[in-house]
Amino acid sequence: MVGDNDTAVTEFILLGFSGFCSLQVPLFWGVLCIYMVTLLGNSLIIILTLADPVLHSPMYFFLRHFSLVEILYTTTIVPRMLADLMSTHPTIPLVSCFTQLYFFSFFGVIECCLLTAMAYDRYAAICRPLHYTTLMKQRACNCMVGASYLMGVITGTIHSICIFSLPFHGANTIHHYMCDVMPVLRLVTGSTFTGEVGKLIITIFFIVTPFLLIVTSYACILVTILGVSTSQGRRKVFSTCSSHLFVVILFFGSATVAYLRPESGSSLDTDQIYAFFYTVVTPTFNPFVYTLRNKEVTGAMRRLMHRFLWSP
C-alpha cells in the first residue's frame, strides 16, 4: 500500500506470512504451541530456581533472569503475530511499532549481557575455583544483572528514537511480521544513515563484543579442561558449561546470521525465516537444554513434584 508521498504515516501494514495463505491457520496453531511451551518451560525454571535451595547459586541466579527475559522477549512479538495471522488486514499504529521495536531491542540486549555474565560465571567456577566465592558474591551478581537491564534501557531508547525520528511518508507496508530494524528503515523517506549506523553500533557492541568475550571465556575453560588429568574429570568439568554453550550458539548464531548478512544478498522471505527462528523458536530450547541436560535441575523438579504430590 502506497499513499500520498506528502502524507505522514500513522500506521503500518504488516504483511507477515500473507504470501502463504494456505498455511495461516496451521502456522497460528504451531506458533501458539511453541509460545505456550516457552512460557511454561521458562516459568518452570524461574519457580525451580526460587524454590529449591540447591539452585541458589550465581549460575541459576543468572538463569532465572534469563528465563524471565525470554518470556518477556517472546511476548513482545508473538501475541501480535498470532492476532495478525487471524486478521485479514493486519495493521500496527506508529506508536505501537515504536514500542515493539523498543522492547525488542531492550530485551535482546539484556539477553546478550546475561549470556556474557553466565559465561564469566563458568570461567570463574572452572578457571579460578579458589576465588569463585569472592568473585561471584551476591552483590557482584546483582551488579551484573542491573548493568544488563541498564544497557537494555539505554540501547532500546537511543535505538528506537534514532529510527523513529526519521521521516515516514507515503509507503507504509512492512514486509515482516514485526517492527524489526531493517524492514522499518526500508520505509524511511530520505537518508537512513542514522538508523543504519545505530544498527551497526548495537550489533558490534551487543552481539559481536559479548560473543568475543564468551569465546575468550570458553577458550580459557578449554585450556583448563585439557589440563585435567582424567577423562572422567574432563567430562565432569565440560558438563557444567555445555548447556550454556549450546544456548550461546543458538542465540548468537541466529542473531549474527540475521544482522550481519549483507543487505544486498538477502530476500524478504529469508529475513522473516531467520527472524522467526531467533524470536519464536530459539527461546523454546532454553527450558529443554537446562532441564534435560542438567542433573541439578532435574533433581529440583523431582523434589518439587514430591513436595506437592506426596506431602501431607
State which residues pass side-chain contact (heavy atoms from CB on, under 4.5 Å) with [X]; sequence neighbours excluded, sorted by chain then number.
X: P90; answer: D84, S87
X: V153; answer: Y102, F106, T157
X: S148; answer: I110, C113, L114
X: T116; answer: P210, L213, I214

Pair listing, side-chain hydrogen bond (donor to acceptor under 3.5 Å, both in side chains) test, anchored in [range], at least two apart:
range: residues 206-227; answer: Y218-H244
range: residues 125-140; answer: D121-Y132, Q138-N142
range: residues 53-62; answer: Y60-N294, Y60-E296

Pair Y35, T284: side-chain N/O donor-acceptor within cut-off below 3.5 Å =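 Side chains of Y35 and T284: no pair found under 3.5 Å.
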
Exercise: do T38 and T74 side chains pair donor with acceptor under 3.5 Å |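 No.
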
I need the minimum non-hydrogen distance between [X] and [Y], along with the two atoms involved.
X: L39; Y: S43; value: O-OG, 2.6 Å
X: S67; Y: N286; value: OG-ND2, 3.4 Å
X: T75; Y: P79; value: O-CD, 3.1 Å
X: L55; Y: A300; value: CD1-CB, 3.6 Å
X: G156; Y: S160; value: O-OG, 2.8 Å

Indicate if [X] and [Y] have the same hydrophobic cluster label, given that clusters are the connected sets of ILVMFWY residues with side-chain heavy-atom separations under 4.5 angstrom.
X: I158; Y: V95; answer: no
X: L226; Y: I221; answer: no
X: L40; Y: I71; answer: no
X: V223; Y: Y123; answer: no
X: L222; Y: I126; answer: no

Nearest 0.5 Å please: distance from the [atom1] atom of [X] over to the [atom2] atom of [Y].
X: I77; Y: L82; atom1: CD1; atom2: CG; value: 11.5 Å
X: C112; Y: F107; atom1: SG; atom2: CZ; value: 14.0 Å
X: Y73; Y: F103; atom1: OH; atom2: CZ; value: 14.5 Å
X: I45; Y: L50; atom1: CD1; atom2: CG; value: 12.0 Å
X: L85; Y: R80; atom1: CG; atom2: CZ; value: 12.0 Å
X: S105; Y: I154; atom1: OG; atom2: CD1; value: 13.5 Å

With side chains defined as the heavy atoms from C-beta onward, is the minimum distance between [X] and [Y] less than 4.5 Å?
X: F205; Y: M151; result: no
X: L304; Y: I47; result: yes
X: M301; Y: L48; result: yes
X: M178; Y: Q100; result: yes
X: M144; Y: M136; result: yes
X: T10; Y: P93; result: no
X: T91; Y: N172; result: no
X: I163; Y: L101; result: yes

Counting only N and O atoms by type, is there a donor-acceptor contact under 3.5 Å from the side chain of R64 to the main-chain atoms of I46?
->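 Side chain of R64 to backbone of I46: no pair is present.
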
Counterpart residues, ring pair (Phe, Tyr, Trp, His ring centres under 6.0 Å), relative to [X] (two or more places apart):
X: F251; result: none
X: F211; result: F252
X: F62; result: none

For F276 and V281, run side-chain contact (heavy atoms from CB on, under 4.5 Å): C-alpha distance rounded to whole Å, both residues' side-chain angles, the deciding distance at 0.1 Å, then the answer.
-> CA-CA 7 Å; F276 182 82; V281 178; 3.7 Å; yes

Take F285 and V247 through the side-chain contact (heavy atoms from CB on, under 4.5 Å) test and state the conclusion after the steps.
-> CA-CA 8 Å; F285 288 108; V247 172; over 6 Å; no

Can you check whether C127 and C220 have SGs under 2.5 Å apart?
->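 Not so, these two cysteines form no disulfide.
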
Show your reasoning for whether side-chain contact (heavy atoms from CB on, under 4.5 Å) applies to F168 and V184.
-> CA-CA 9 Å; F168 292 91; V184 173; 3.6 Å; yes

Not counting sequence neighbours, list each pair that qualifies as a salt bridge (charged side-chain N to carboxylate O under 4.0 Å, His left out) and has a residue in residues 35-63.
->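 Salt bridge (charged side-chain N to carboxylate O under 4.0 Å, His left out) check on residues 35-63 returns D52-R303.
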
Candidate pair H175 and L14, rule side-chain contact (heavy atoms from CB on, under 4.5 Å), full reasoning = CA-CA 6 Å; H175 293 269; L14 294 172; over 6 Å; no

Set of residues satisfying side chain to side chain donor-acceptor pair (under 3.5 Å) with respect to T76, sequence neighbours excluded |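 T76: no side chain to side chain donor-acceptor pair (under 3.5 Å) contacts found.
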
